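Atoms within each ligand, like the ligands themselves, are counted from 1 in listed order. All values reported here derive from a predicted model rather than from experimental measurement. When reading the values below, keep in mind they use all heavy atoms of this one structure, side chains included, and skip hydrogens, waters and symmetry mates.
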Amino acid sequence: MLLHDTLTRTDRPLHPLDGKTLRIYCCGPTVYGPAHIGNFRTFVVQDVFRRTVELGGTPTLHVRNITDVDDKTIRDSQKAGQTLGSFTAEWTAKFHADCEALNLLRPHVEPSAVAHIPHQIAMIEKLMASGHAYKAEDGSVYFKVGAFHEYGALSHLEKREIRLGAAQTDSDEYSKESMADFALWKARKDEDGVNFWASPWGEGRPGWHLECSAMILEYLGTEFDLHSGGVDLIFPHHENEIAQSCCSTGGKFASHWFHIAHLMVDGGKMSKSLGNLFTLADLQAKGYTAAEVRYVLISGHYRAPLNFTFHTLDSARQALQKLAKHEASLRAKYGAGGAPKYDDLIRHGSAGVFADAWALLTNDLNVPGALGAVFGAIKDADSTAFDVETAKSRWMDLHFVLGALGVILPEAQPDAEAPAEVVALAEQRWAAKQSKDWAAADKFRDELAALGWTTKDSKTEYKLIPL
Ligand code: AMP
Ligand code: ZN
């Protein structure tokens, strides 16, 4: 498989360093509220990546952390009048429920930051001993960015940009020697309440960047295959992880960097601080399914920002119906039961007639290209003309590709007949369109959509399609 690598800016093949298992680390959620579907774009794309690697025949070791101690979790647990532990446990459980609904494979290891404070302290001790860290007057400990010459290699930032970026992200830290230095240990502050731990430098808590470095060392060792997150993590978070890990272990850290572009709303990044977010629950309350949300999240290439609209959800519903109908027609011919299990697909090990889709998927995870190839291959395939053996192998091949994408098919619905009221509206819209009365045509289109219908127009006629 070829995958773009953020560090070298090239598409590089993936081969496990140990010759057996691809060892992957993904930065996990900060559990201080519901994860939004922007966060889930990153987690779902990582899931498609893992599935593609595994179905391609390489086992993985997938580690994804839970950030359950940082400024935001502490602040919001206090606002909620809960202990940090009970507050983050509730949001972690909600995160897991959403992951399950979105058909994400569970990571093999899901370590919690708060359960690894001794590991983080041990890493700071090494950095102090090697001269890469210093203690400030208030008892905080900082990483000395100037002592690590490769700093900035991942994000390709110049020194000045690093200083400016760091000034924006860590504006509350005045006691450090240089603007670019970042906190490894934050001295206890009154506003942290009871959320502090003992350390050789006094009471306090670890800086946010440190947890990933410490847990990677514990579960994946000094060198591992692939590190991933959303593009916002490249700087400073991943740059800081590299600095901490390389300077404390002497290892090379991640050999491949995989970053996912943002989910956008109206041209801006979907984020909690901008208040423009949708959660899975928000969309389910509007009648959409988790399978439809997942389909939208994978439908754009992971390296390009993806604009979220309700129109894309409606299109996802139609696309899933097309796939479900084709699957049902193969199943009818073949006489099979439910969908094959993931392990059966790993044993099957081939995309067969969907080889074109598979080639696109394994070439820098081109999911939209792969979906297009699947639709191309099923467009003119008449299942009734297949013999049982052909139907059976095509059915398995289809599930193989859908298994890599983690697509869950809905029940195939028979083509619905439009009620008279809908046909009348469609006729009025068509007449308005013919007389170039666009405002009226749009109004009728909205009314049709409200009734769950849309139309597909050619030059001479229209076809009614259920949404
Ligand atoms: P957080 O819970 O804020 O630590 O973020 C969890 C993951 O979601 C990280 O990998 C972020 O980079 C990613 N992320 C945050 N916002 C978005 C977005 N709008 N689109 C895609 N990924 C995002
Ligand atoms: Zn991280």
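A salt bridge links D364 with R303: the distance from a Lys NZ or Arg NE/NH1/NH2 to an Asp or Glu carboxylate oxygen falls below 4.0 Å. Contact check on D138 versus K189 returns no salt bridge, with no Lys/Arg side-chain nitrogen under 4.0 Å from an Asp/Glu carboxylate oxygen.
An N or O contact shorter than 3.5 Å links T42 to ligand 1 by distance. Looking at N39 next to ligand 1, an N or O pair under 3.5 Å apart turns up. For ligand 1, the polar-atom distance check against F43 finds no nitrogen or oxygen pair separated by under 3.5 Å. Ligand 1 has no N or O atom lying under 3.5 Å from any N or O atom of A261, backbone or side chain. Not a single N or O atom of P29, backbone or side chain, sits closer than 3.5 Å to an N or O atom of ligand 1. Remark: ligand 1 and T30 share an N or O pair separated by less than 3.5 Å (distance only, no angle test).
Taking atom 19 (N) of ligand 1 as the reference point, the nearest protein heavy-atom neighbour is M270 O, 2.9 Å. For atom 16 (N) of ligand 1, the closest non-hydrogen atom on the protein side is K269 CE, 3.5 Å. Nearest protein heavy-atom contact of atom 23 (C) of ligand 1 is G38 O, 3.4 Å. Closest protein heavy atom to atom 17 (C) of ligand 1: H262 CD2, 3.5 Å. L233 CD1, 3.8 Å is the protein heavy atom nearest to atom 9 (C) of ligand 1. Of the protein's non-hydrogen atoms, L263 N, 2.8 Å is the one closest to atom 20 (N) of ligand 1. Given atom 12 (O) of ligand 1, the protein heavy atom at minimum distance is D232 OD1, 2.5 Å. Nearest non-hydrogen protein atom to atom 10 (O) of ligand 1 is G230 N, 3.0 Å.
Considering only heavy atoms from C-beta on, T454 stays 4.5 Å or farther from L448 through its side chain.
Our summary of the site lists the angle at the Zn ion (ligand 2) between OE2 of E241 and NE2 of H237 as 80°, to the nearest 10 degrees.
Ring geometry for Y151 against F235 counts as perpendicular: the plane angle is over 60°, on a 0 to 90° scale with 30° as the lower cut. Taking the six-membered ring where tryptophan is involved, the planes of F253 and W257 are tilted, since the angle between them lies from 30° to 60°. Taking the six-membered ring for Trp and thresholds of 30 and 60 degrees, F143 and F182 have nearly parallel ring planes, at less than 30 degrees apart. Under the 30°/60° scheme for interplanar angles, the aromatic rings of F95 and F43 are found to stand perpendicular.
Between the side chains of D68 and T73, not a single donor N or O lies within less than 3.5 Å of an accepting N or O. Judged purely by distance below 3.5 Å, without hydrogens or angles, the side chains of S245 and S213 pair a donor atom with an acceptor atom. With no hydrogens or angles considered, no side-chain donor-acceptor pair links D70 and T67 at under 3.5 Å.
Inclusion of H238 in the first shell of the Zn ion (ligand 2) is not supported: no N, O or S atom falls under 2.8 Å. None of the N, O or S atoms belonging to H209 lies under 2.8 Å away from the Zn ion (ligand 2).
Between F278 and F40, the gap from one ring centroid to the other reaches at least 6.0 Å. Between Y302 and F49, a ring centre-to-centre spacing not shorter than 6.0 Å is recorded. Aromatic ring centres of H256 and H227 lie farther apart than the 6.0 Å criterion allows.
Put simply, part of G28 is less than 4.0 Å from ligand 1, judged by heavy atoms. For K272, the heavy-atom gap to ligand 1 stays at 4.0 angstrom or more. Using 4.0 Å as the threshold, F40 has no heavy atom nearer than that to any atom of ligand 1.
Within ligand 1, the atoms closer than 4.0 Å to a non-hydrogen atom of G229 are 10 (O), numbered from 1 in the order shown.
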